[in-house]
Amino acid sequence: MAKYSLKTRSPKPAVDLQRDLNPQQRAVVEAPAGKILVLAGAGTGKTRTLTYRVAKLVAGGCQPERIMLVTFTNRAAREMVHRVESLLTIDMRRSASGTFHHVGNRILRRYGEAVGLGPDFGILDPEDARDLMGSVVSELGMAVLTSKRFPDARVLTKIASQAAGMLGTIPAVIERRFTRFLDLVAPIDKVLADFKERKRRLNMVDFDDLLSYWLELLRDPKHASVAEQLRGQWDHMLVDEYQDINVLQGAIIDEMARDHGSLTCVGDDAQSIYSFRGADFSQIYDFRIRHKEAQVLPLTINYRSTPQILSLANRSIARNREQHPKELTAVRKPGATPALIPLRDVIQQGELVAQRVLELHHEQSLPLRKMAVLYRNHAHSLELQVELTRRNIPFAVRSGVRFFEQRHIKDVVAYLRARENPRDALAWLRLLRLWPGIGNRTAERVASVLAGEFDAFGRRLPVPAGPPAPVPEVLAAESKQAKGRAKDALVTLAKLFDRLLEAGGRNPGRAIEIIVHEHYADYAERSFENADARKEDLDNLANYAGRWEDATEFLSELALIEGISAENVVMGDEPDDKLVLSTIHQAKGLEWPVVFVLWLVDGRFPSSQALRANAELEEERRLFYVATTRAEDDLYLLYPTIEEGRRGPTTVLRPSRFLTELDHDPPVYERWEIEEVPPEEEG
DNA sequence: CGTTCCTCTCTTTTT
DNA sequence: GAGAGGAACG
């Protein structure tokens, strides 16, 4: 992606540590290069502190490209890079900044050959990984695999992912987290080994591989010289959101920092909310065990929220046993008491939020973008979305279906993937099936030949499969074998690929235009009711892709970028000022003057799964803590009291235990009563 | 073999 | 309210 920033030869930092930082923050910024763990509460200026530490390093003569700055989420990464760049007017593009996965991707593009990856390896998104797993299972054709009790492809990828994340074996993961499959350890192990092999054949990696191979480069004695080169490229390592890393990431961090020893990690154990994907917040405690010499520095002064909001948050998190007891201190003046609002049902919950948003917007001139509605999972926001649409309140959903995970986007992207990495059988399969006359059978045969997995006689080829055959030639040959509509389709497809491989088609944006123009527009007309909207999406995608010169880079970006919701990208002419709707996970690190939290009902938030185990309940409470600490001035906690079953009876809902457990003196919230205004008095 | 239409299942959270 | 998988038809 094109990114611009001004660059000065000698960075002149507009940095004044005395003026800009409090003593706790200054202690972090000024600590000599070494092992540092910063325990930073919500809203205590964590990003600011880390940014200034980078500034200090650069001011001290360190080249930005010799700093590695990694975080867990895209958002945090972008925020961090942006703030460093604006503070220092330097270009951080050369530095290794971004999510672990981005940095891993960059490193493997360059050094992946050592672990057997071609330079144009593709990245499997979770859906692809699941499909691939499914085909591995069905190809193995073992009897156990078809039994009802055998884990499905999604669960299998989960097991593989957990094993990668905790640096454990498959049996160990099953023993720890999937005991119901204990008697299936051997076949599961076999399937996952095949899955790994299959990824290699396809020259593809999944998200976990981006990190696993990175660690392999650092640890395996076979790659000692690569490891040395890697370590030698950076002098300092800084890690944000340390509470959300897993064992694998922890190991990478330690290995990367081994020689230079300059490692600054920032995190808040109270905000660890990703254990479901292997984040292991004991990492943050083990840090001091692994690095005995590490300095531990606290940040506890909260600049964000009113004391009222903080007392609520403090009281809630204090109920967690697994935590560092710490109180956030408020510096802001007292404000409004958080509101607890019971509603009749979800409909009323949506109405009330919409109404309150409008009141604040019109009566207090608060822009919509200064307000956010947070919820446990995206389904919780549906009724609200309906109500907001009805009242014409613009909103942006920061969750839901990802733009690039929609079918039409993935279809078109499959062409790019196939062009960049012809061994990507999944992409071939996907795009072949779009053609009339080509069904599963034909698609599978042609895809495996194109991918070089099999020769034309159905014999499995060894890996590496030699130089890939020219795609148009293979397609032409296959078309001769086919008949009827499939024949026509393959002939047309061969021509399309000729065009895609021409120089003009190299640019990803241009390539997408060709694909849509030559094929997909027709397909969309035939297949979708909302073909126009989808074609518009594809125009936007072509535009977006046009910013990259190199399609492989574009594809990596697309796979690793955070979920831009469809709404966010698609609409071109919408107002800037929009109410924010977000899952709590996606809201981490952000703040708004006004925050609404929806669906505070036992079984929803905390979720019913979490009610079963205490460790999970504590994680949910941390999530609640994250939600409440997003609010600066006003916090509204809402819950419906009854739910009308679609088919079944109406049920009475219990308010979330995260609310009732706070209900003692002095009160931390104020209960609001809702009275319906008769229609004639409205207005 | 390919297509279409039906039912069933799911929905934590993200890279 | 979507996606996967199965059944039945062309």
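Chain A is the first sequence line, chain B the second, and so forth, proteins listed ahead of strands; every chain is numbered from 1. Only this structure's heavy atoms are used, side chains among them; waters, hydrogens and symmetry mates stay out. Note that this is a predicted model, so its numbers are computed, not measured.
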Report the residue from A:Lys46, A:Lys588, A:Gln271 that forms a side chain to side chain donor-acceptor pair (under 3.5 Å) with A:Glu241. A:Lys588
Ignoring the backbone of A:Arg154, work out which of B:dG2, B:dT15, B:dT11 is nearest its side chain. B:dT11
What nucleotide, of C:dA4, B:dT13, B:dT15, holds the atom closest to the side chain of A:Thr583? B:dT13
Residue closer to the 5' end of DNA chain B, A:Asn377 versus A:Gly437 (nearest nucleotide): A:Gly437
Send over the distance from A:Arg106 CZ to B:dT15 P, rounded to a whole Å. 19 Å
Against the side chain of A:Arg441, the closest entry in C:dG3, B:dT13, B:dG2 is B:dG2
Taking B:dT15, B:dT13, C:dA4 as options, the one with an atom nearest any side-chain atom of A:Arg130 is C:dA4
Using 30° and 60° as the class limits, which term best fits the ring planes of A:Phe181 and A:Phe178: parallel, tilted or perpendicular? parallel
Heavy-atom closest contact (A:Leu432 atom, A:Ala443 atom, distance): CD1-O, 3.6 Å
Shortest side-chain distance from A:Thr442, nucleotide among B:dT13, B:dC1, C:dG3: B:dC1
Looking only at side-chain atoms of A:Arg485, point me to the closest of B:dG2, C:dA4, B:dT13. B:dG2
Nearest-Å distance for atom pair CD/C1', residues A:Gln243 and B:dT14: 14 Å
Could you state the atom-to-atom distance from NZ of A:Lys588 to C1' of B:dT15 in whole Å? 13 Å
Just how far, in rounded Å, is P of B:dT15 from CD of A:Glu127? 16 Å
Checking side chain to side chain contact (heavy atoms under 4.5 Å, CB included) between A:Val373 and each of A:Val595, A:Val580, A:Val353, which is the one that passes? A:Val353
Going by the rule salt bridge (Lys or Arg N to Asp or Glu O under 4.0 Å), which residues pair with A:Asp120 if we only count those two or more places apart in sequence or in a different chain? none
A:Glu241 atom CD is separated from B:dT14 atom P, nearest whole Å, by 13 Å
Do the side chains of A:Gln349 and A:Trp599 get nearer than 4.5 Å, heavy atoms only? yes
In terms of side-chain heavy atoms, does A:Arg109 have a donor or acceptor partner in A:Thr552 at a distance below 3.5 Å? no
Taking NZ from A:Lys158 and C1' from B:dT15, how many angstroms apart are they, rounded to a whole number? 15 Å
Which dot-bracket notation, 5' to 3', represents the base pairing of DNA chain B when pairs are defined as Watson-Crick or G-U with both distances under 3.5 Å, crossing pairs as [ ], and inter-strand pairs as |? ||||||||||.....
For A:Arg417 and A:Asn421: C-alpha separation, side-chain torsions, deciding distance, then whether side-chain hydrogen bond (donor to acceptor under 3.5 Å, both in side chains) applies. CA-CA 6 Å; A:Arg417 281 170 46 178; A:Asn421 173 22; over 6 Å; no
Take A:Arg433 and A:Leu623, find for each the nucleotide of DNA chain B with the closest heavy atom, and name the residue whose nucleotide sits nearer the 5' end. A:Arg433
Write down the distance between CG (A:Asp244) and P (B:dT15), rounded to a whole number of angstrom. 11 Å
Describe the nucleic acid contact of A:Ile438 in one word from base, sugar-phosphate, nothing, applying a heavy-atom distance below 4.0 Å. sugar-phosphate
Side-chain N or O of A:Ser607 closer than 4.0 Å to phosphate OP1/OP2 of B:dT13: no
Send over the distance from A:His585 NE2 to B:dT13 P, rounded to a whole Å. 9 Å
